[in-house]
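This report refers to the structure that appears directly beneath it.
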There are 2 protein chains.
Amino acid sequence: MPKLGMEPIRRDALIKATIAEIGAAGSLDVTVSRIARRAGMSSALAHHYFGSKDAMFLAAMRHVLAVYGAEVRGALAVADDPEARARALIRASFTPTSFRREVIAAWLNFYVLAQTRADAARLLAVYQRRLVSNLTHALRPVAGAGARALAEGVAAMVDGVYLREALGAGEPDGRAAARMVEGWLQAQLGVLK
Amino acid sequence: MPKLGMEPIRRDALIKATIAEIGAAGSLDVTVSRIARRAGMSSALAHHYFGSKDAMFLAAMRHVLAVYGAEVRGALAVADDPEARARALIRASFTPTSFRREVIAAWLNFYVLAQTRADAARLLAVYQRRLVSNLTHALRPVAGAGARALAEGVAAMVDGVYLREALGAGEPDGRAAARMVEGWLQAQLGVLK
DNA sequence: GCAGGTTTATTGATTGGTCAATCAACAAAA
DNA sequence: TTTTGTTGATTGACCAATCAATAAACCTGC
């Protein structure tokens, strides 16, 4: 029953299944077989399309980052004044799409991977730089020369709140997390005035 | 050549070797054999003393937290005014003892583990609560009712800066990291006055 | 339109390797 | 002779990656 043009469909299914399995296992200790089964195919086919397990993880993480990037662009598009842009960036990190068990698990494992795998480190660096750069641009009009330092602080705060909320007790609450970071930014901006 | 009273020595050697191996591998994918070899014994002996690989990881993490805890108490002892106490807590998270490749690797893997293993989650919760609680007490005199919120912000900032510094380019710089968090706290306190 | 070759899709079975955990056995102390 | 320390060898399981084989769809040139 081979239909042609399956490649993109299969790749997509595998990427989603990879994220789901990482989420379920809470670690990268997931077998290709399990991922493939969840995606409705044999493990051999998964290897056929991705070549290796590592390549699958990387592709999955690129997908997570792509979704997050889209979220950021979407949020920025509807924000007009500088402060709104900064708040949009903060909130984009905590939307239900990005801030849920599965994706959080992927991120945590991604951090671990970034310590040793150069490609993972590169991918992570792109995310980190982009967040700071976006925040810096957004804050420039209100913070001037201090925008960069402020941006780095907010970026750190985003990651820290993400981590604490993700690993704290109970369901992760993106709304509360975003409010917390926004509150701090507000206070910091207050100092400038 | 069996000498008596080896147990604590062996356990200690294994715990240190575990941290070293995790640091070298950048993940929990280290074999008991490698750890045991580094600690100068057979893998069978490692199992004899710890029972399982997981138990070794947990013991290693408890050790990391114990060292960190000692560092905190030491720093608090020599700080007298509230602000100094808060700064001492911040700096304790970034001392060379705790803020170096090996230990950072252990922490990142610990985060991953805490998602699924109840004992790891419990251990992490203890650390998280203690940091907030210590900060709250330190800040109470200067921040009053707002101490708790301030403490949570600082705690998140500590974790976030830790993460970004740990995974950023170049060697992790604890001094710079601590300065950054202290600066933010300073600014926040400025708002109150 | 269709025989035969090519590409794409797909899998079951196999290979080669790794590793946690156990065990039997030996050795020194108490 | 019981307790403590210690190891080499083994067991049992798991798994990434490869391969041989099957089959549908597409593509010629006639």
What integer distance in Å separates B/Met6:CE from C/dA28:P? 15 Å
For B/Arg37, give me all partners under salt bridge (charged side-chain N to carboxylate O under 4.0 Å, His left out), at least two apart in sequence or on another chain. none
Between B/Leu45 (CG) and C/dC26 (P), how many Å, whole number? 18 Å
Is there a donor in the side chain of B/Ser93 and an acceptor in the side chain of B/Tyr68, or the other way round, less than 3.5 Å apart? yes
Quick check on D/dT4: is either OP1 or OP2 less than 4.0 Å from any side-chain nitrogen or oxygen of B/Tyr49? no
Output yes when at least one side-chain N/O atom of A/Arg10 is less than 4.0 Å from OP1 or OP2 of C/dT10, else no. yes
Does B/Arg140 have any salt bridge (charged side-chain N to carboxylate O under 4.0 Å, His left out) partners at least two apart in sequence or in another chain, and if so, which? none
Value in whole Å for how far the P atom of D/dG8 lies from CZ of B/Arg37: 11 Å
Atom pairs, protein N/O to nucleotides 14-19 of chain D N/O, distance under 3.5 Å:
unit_1	atom_1	unit_2	atom_2	d
D/dA16	OP1	A/Lys53	NZ	2.8
D/dA16	OP2	A/Val32	N	3.1
D/dA17	OP2	A/His47	NE2	3.0
D/dA17	OP2	A/Lys53	N	2.9

Taking the six-membered ring of A/Phe50, is NZ or CZ of A/Arg11 closer than 6.0 Å to its centre and within 45° of its axis? yes
Rounded to the nearest angstrom, tell me the gap between atom CD1 in B/Ile9 and atom C1' in D/dT4. 13 Å
Look at the aromatic rings of B/Tyr162 and B/Trp107 and report parallel, tilted or perpendicular, splitting at 30° and 60°. perpendicular
Please pick, from C/dT10, D/dT7, D/dG5, the nucleotide with the shortest atom-to-atom distance to any side-chain atom of B/Glu7. D/dG5
Rounded distance in Å - CE (B/Met56) to C1' (C/dA21): 13 Å
Given salt bridge (Lys or Arg N to Asp or Glu O under 4.0 Å), test B/Arg85 with B/Asp80 step by step and report yes or no. CA-CA 7 Å; B/Arg85 291 172 74 79; B/Asp80 27 20; over 6 Å; no
Please state how far atom CZ in A/Arg11 lies from atom P in C/dT10, giving the value in whole angstrom units. 13 Å
